[in-house]
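These notes concern the structure reproduced below.
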Amino acid sequence: MSVPFVTEVKRTHNCGELTARDVGKTVVLFGWVQNRRDHGGAVFIDLRDRQGLTQVVFEPDIDPEAHALAGTLRLEWCVGVQGKVVSRGANVNPKMKTGEIEVRATALTVFNRSEPTPFPIEDRIETAEDKRLTHRYLDLRRRPLQQSLITRSRMNAITRSTLVEEGFLELETPYMGKYTPGGARNFLVPSRLNPGKFYALAESPQLYKQLFMVAGFDRYFQIVKCFRDEDLRLDRQPEFTQIDLEMSFVSQDDVFAVVERLLVRLWREILGVEVPTPFRRMPFDESMARYGNDKPDLRFGLEHVILTDVITAHGGEGGVPMLLEAVQQGGIVKAMVIPAAHPLSRAEADKLEEVARGSGARGLARAKVGEGGEWTQSPLAKSISPALRTAINEACKAKPGDLILFQFGKPSLVHTVMANLRVHVAKKLGLIPEVGSGGRWELLWVVDPPLFEYDEERRGWVAAHHAFTRPHDEDVPYLLTDPGRVKCYRYDVVLNGFEIGGGSIRLHDPRVQAEVFAAMGIGEEEARNKFGFLLDALRYGAPPHGGIALGMDRLAMLLTGAESLRDVIPFPKSKSGIDSMTGAPGEVDEQQLREVHIRPLPPPKS
RNA sequence: GGGGAGUUAGUUCAGCUGGUUAGAACGCCGGCCUGUCACGCCGGAGGUCACGGGUUCAAGUCCCGUACUCCUCGCCA
């Protein structure tokens, strides 16, 4: 007798919900065969759906037909089962949520067989990621990935309800727009209808959301895909998702308050963790000085010390020529102390030099502090004067047994190398885990960065972020006279060393805007050419406004404890931007290219 | 674009200073088994050693190149 599954006999329960309370019920479950244990007589099947696992038992004296069919089942077959919930009695499996019961099957149907899978569908597998990505639909059957995507779905729901409650409107913006220079490299889309012209895929909805403010929408948000044609990383994909928002008539503090309420709610509802507000705030300069970057991980110390002034003060006599030279050429000197309480072996300390070189350093000077403050294991030990040595020890608050690491030269390189060393050492010493939060959530705002940075190649000042960031009012007089000292209302929200969002208060005053362009050497014509529509818009009563974009993928990665962004994106690209499942990016035929007026250049090299 | 690591069965790996027929576990196939839940027992199949070239009497092993994957610096306002 065949049971008309699906058409008439519907699923009554999922595979994660049956307990002792349900004993006696007749149920219908649909799912996949996770495991089978065939005793010849009783056949046990673990049936899986996205909610969980339920043991189904087939016995010859209950239904011979179902039992016979059950003997043919294989892993990952998709099946339907009808049966009665019975207690497992003495055979309860405490490891399973549904372990108190099993379903004694009276009917079984095979919806679809499965070929042997290329890798096991289990929680913990060690299969190489590219093999998993090739069969992503199977990888996504695995519970950790299902859980991550389910969490992500909840994050979307919480974000929407929070922001709607805060009075935000969810408005959409185009993906295909006009190329605007600066910032990330854009993906280009050729226009069939307009020969020789291209759309650029939006690297963010930045300009559009400002136009929403000009239009008077007041509070806008969007959970939106963004596209950037840059090299990929563990925490970077060419297409990624932002929680993008913009507000009118707000100060920086108002933006912070909304974002903090959103993040607090995400942490509360996803993890049951209360994160304290308001978040810490740290000026950009302080973050660079103490941590070497603008996204410090505050779960541990190992702070940097800037020794540039100490070196200068001792320049005349007894200084170390190498250090003094670096300073005189405009470089800086930084140190970091590894406390005696966390000793590194000589070999481990040697390894640090490799780490430093890997970050671009030419080397890594170090000094082990002795009982009398003297230095050993150090190339500097011979040439340094006792006075300078003492001064450095004091500046670093170094005690006997501590190991001091030094880096000197070009500021950006020194910061980068020391920042990488700081994180590396923290992991090595077990101050933070290799992956994950360790249950600690250090959130902060990094504020007041410089508006411009000096571009050595172009020998000029360029916008450190984007050209529409509002400078601090008191710095406006220096826009043209001393651009380097102008700070701005730009902010990043940082969590455990990850930048999870960034934004700014925008420049809505066309007169100041003109000065900013002038400081960057951008003439009126060039500005009109590049940003004409936005400049126009700002002339029609643009409100003061500002906003932020949060990296949804990074948030999801941190909230789920995933090792990689790829684990919270259903269909990610590999390191080189390839989707090994679909084969994208792929070739297209000549006819298609002709239609969009494109002729490929021959590939470079031999 | 620079640097580093890697690629051996469906999967994870072993394979020494180059040497006969490249192994293990899991998975797969066949058989047995009525309380398993990492079920168990018996038997079996399964390999272009990533690809191309070179050195050698002889290459999974040594050398060069290519592809792909991962990590990292640059890059990502």
Side-chain angles (χ1 to χ4, degrees), chain A residues 34-46 53-62 67 71 74-76 86 88-96 98-99 102 104 114-135 138 180-186 203-204 206 226-238 240 354-361 412-413 416-417 419-420 424 449-453 455 462-469 488 490 492 499 502-504 520 549 551 563-564 566 573-576 578 580 604-606:
Chain A
Q34 174 74 43
N35 197 6
R36 66 190 180 93
R37 294 172 295 278
D38 184 349
H39 289 247
V43 175
F44 298 94
I45 298 294
D46 293 334
L53 286 176
T54 298
Q55 174 165 290
V56 181
V57 59
F58 299 88
E59 292 171 339
D61 42 351
I62 300 293
H67 175 262
R74 293 295 181 271
L75 300 187
E76 297 309 316
V86 297
R88 287 214 214 167
N91 297 313
V92 164
N93 183 344
K95 282 183 279 186
M96 290 173 77
T98 61
E102 63 191 354
R104 185 177 286 158
S114 172
E115 291 181 19
T117 52
F119 49 82
I121 311 301
E122 293 165 359
D123 289 1
R124 284 189 207 162
I125 62 174
E126 314 219 335
T127 304
E129 199 174 13
D130 56 320
K131 288 175 182 119
R132 292 165 39 202
L133 287 172
T134 305
H135 303 273
L138 294 179
T180 53
R185 196 176 289 120
N186 290 96
E203 59 183 79
S204 81
Q206 182 61 42
C226 302
F227 306 89
R228 294 180 188 175
D229 188 6
E230 296 292 345
D231 284 10
L232 281 68
R233 279 287 197 294
L234 197 74
D235 60 351
R236 256 195 257 155
Q237 282 275 309
F240 60 99
E354 281 175 43
V355 174
R357 285 181 197 278
S359 303
S412 59
L413 184 63
T416 300
V417 171
N420 289 341
H424 175 88
L451 180 61
F452 302 108
E453 57 192 29
D455 185 329
V462 297
H465 301 288
H466 69 90
F468 294 89
T469 301
C488 65
R490 153 88 202 182
D492 286 335
E499 179 196 323
S504 63
M520 292 190 291
E563 288 186 34
S564 155
R566 295 187 291 264
K573 307 279 189 290
S574 78
K575 179 77 195 308
S576 48
I578 288 169
S580 59
K605 69 197 168 198
S606 61

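First the proteins, then the strands, lettered A, B, ... as listed; each starts at 1. In this text, all values refer to a predicted model and were calculated from it rather than measured experimentally.
Under the side chain to side chain contact (heavy atoms under 4.5 Å, CB included) criterion, A/D61 pairs with A/E59, not counting sequence neighbours. Partners of A/H466 by side chain to side chain contact (heavy atoms under 4.5 Å, CB included), not counting sequence neighbours, listed by chain and number: A/Q206, A/Q210, A/F468, A/T469, A/S504, A/R506. In this structure A/R228 satisfies the side-chain hydrogen bond (donor to acceptor under 3.5 Å, both in side chains) test with no other residue, sequence neighbours excluded. Shown here are the side chain to side chain contact (heavy atoms under 4.5 Å, CB included) partners of A/L133, two or more places apart in sequence or in another chain: A/E129, A/R136, A/P572, A/S580. In this structure, A/P116 has no side chain to side chain contact (heavy atoms under 4.5 Å, CB included) partners at least two apart in sequence or on a different chain.
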Mark up nucleotides 24-34 of chain B, 5' to 3', with B wherever a protein heavy atom is under 4.0 angstrom from a base atom, S wherever such an atom reaches only the sugar-phosphate, and - elsewhere. ----SSS--BB
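Within the 4.0 Å cut-off from OP1 or OP2 of B/U69, not a single side-chain nitrogen or oxygen of A/S580 is found. For the pair A/T416 and B/G74, the criterion of a side-chain N or O lying under 4.0 Å from OP1 or OP2 is met. In terms of phosphate contacts, A/K131 brings a side-chain nitrogen or oxygen within less than 4.0 Å of OP1 or OP2 of B/U12. A sub-4.0 Å separation between OP1 or OP2 of B/C71 and a side-chain N or O of A/R566 is present. In terms of phosphate contacts, A/N35 brings no side-chain nitrogen or oxygen within less than 4.0 Å of OP1 or OP2 of B/A38. The phosphate of B/U11 (OP1 or OP2) has no side-chain N or O of A/T127 nearer than 4.0 angstrom. Applying the 4.0 Å criterion to OP1 and OP2 of B/U36, one finds that A/R37 has every side-chain N and O outside that range.
B/U7 sits 15 Å from B/G47 when the C1' atoms are compared, rounded to a whole Å.
Nearest-nucleotide positions on RNA chain B place A/E126 closer to the 5' end than the other of A/S412 and A/E126. Comparing A/P120 and A/R88 along RNA chain B, the residue whose closest nucleotide (by nearest heavy atom) sits nearer the 5' end is A/P120.
Looking at A/D231 and A/R236, no side-chain N of the basic residue comes within less than 4.0 Å of a carboxylate O on the acidic one, giving no salt bridge.
Within 4.0 Å of A/I125, counting heavy atoms only, lies no atom of the nucleic acid at all.
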